[in-house]
Amino acid sequence: MQTGNDRRIDYLEFTVPDVQVARRFFEAAFGWVFSDYGPDYQSFTDGRMDGGFTTGAPPSSGGVLVVLYASDLADTEARVAAHGGRITRPVYEFPGGRRFHFEDPTGRELAVWSEPLSKT
């Protein structure tokens with residue numbers, strides 16, 4: 001029987017060339033809260049998920065697209081661009097909602113999704 005956090009995603013760790021650049025971007029664009037563990041590691045919490053940024057060696061194979069949620073997709077897209085993110089795929093619809101993709105200032109691709117626009 002699965003209990004608590006057993007077999008659930010518990011932490012996300014990103015390898016980046018500069019943890020301070022990543023920290024400044026995600027603090028400004030998304031309001032994440034950081035803890036400093038020296039020049040090569042910053043941990044974060046977004047209020048629901050914890051993770052970290054490191055300058056260590058990247059994973060040896062594969063990657064995963066991290067998808068964030070935003071209740072106001074247009075505002076979040078504007079905040080990403082205003083704080084140095086590069087929009088790689090503007091807002092588009094998909095079954096279940098809308099989303100856009102971007103690269104943060106360290107070159108990591110992420111996406112942000114929201115519910116579909118109401119058809120009223």
Test item: R99 and V67 side chains (from C-beta on) under 4.5 Å apart, heavy atoms: yes
More than 12 heavy atoms from other groups under 6.0 Å of OH on Y69: yes
Contact check, side chains of F100 and R89, non-hydrogen atoms, under 4.5 Å: no
Closest non-hydrogen atom pair between E109 and L65, with its separation: O-CD1, 3.8 Å
Any side-chain heavy-atom pair of F34 and Q20 under 4.5 Å: no
Under 3.5 Å donor-acceptor, R23 side chain and S35 backbone: no
Validation row: F14, F44 side chains within 4.5 angstrom (heavy atoms): yes
Within-4.5 Å side-chain heavy-atom neighbours: T88 and R86: yes
Y11 vs E13 side-chain heavy atoms within contact, under 4.5 Å: yes
For the student: nearest non-hydrogen atoms of V19 and T55, plus distance: CG1-CG2, 3.9 Å
Note, I87 side chain near H101 side chain (heavy atom, < 4.5 Å): no
Verify same cluster id: L68, L73 (apolar side-chain graph, 4.5 Å): yes
Step-by-step side chain to side chain contact (heavy atoms under 4.5 Å, CB included) determination, H83 to F25: CA-CA 6 Å; H83 293 291; F25 174 75; 4.0 Å; yes
Transitive ILVMFWY side-chain link F30 to L12, under 4.5 Å: yes
Heavy-atom closest pair, residues S114 and A70: OG-O, 2.7 Å
E93 and R98 ion-paired at < 4.0 Å: no
F26 and F53: CA distance, side-chain angles, deciding distance, ring-ring contact (aromatic ring centres under 6.0 Å, His included) verdict: CA-CA 11 Å; F26 285 97; F53 291 97; 5.4 Å; yes
Heavy-atom closest contact (R79 atom, A29 atom, distance): NE-O, 3.0 Å
Contact check, side chains of L110 and F102, non-hydrogen atoms, under 4.5 Å: yes
Test log, rule side chain to side chain contact (heavy atoms under 4.5 Å, CB included), inputs V91 and E77: CA-CA 8 Å; V91 173; E77 186 178 33; 3.5 Å; yes
Heavy-atom closest pair, residues G84 and P105: O-CG, 3.6 Å
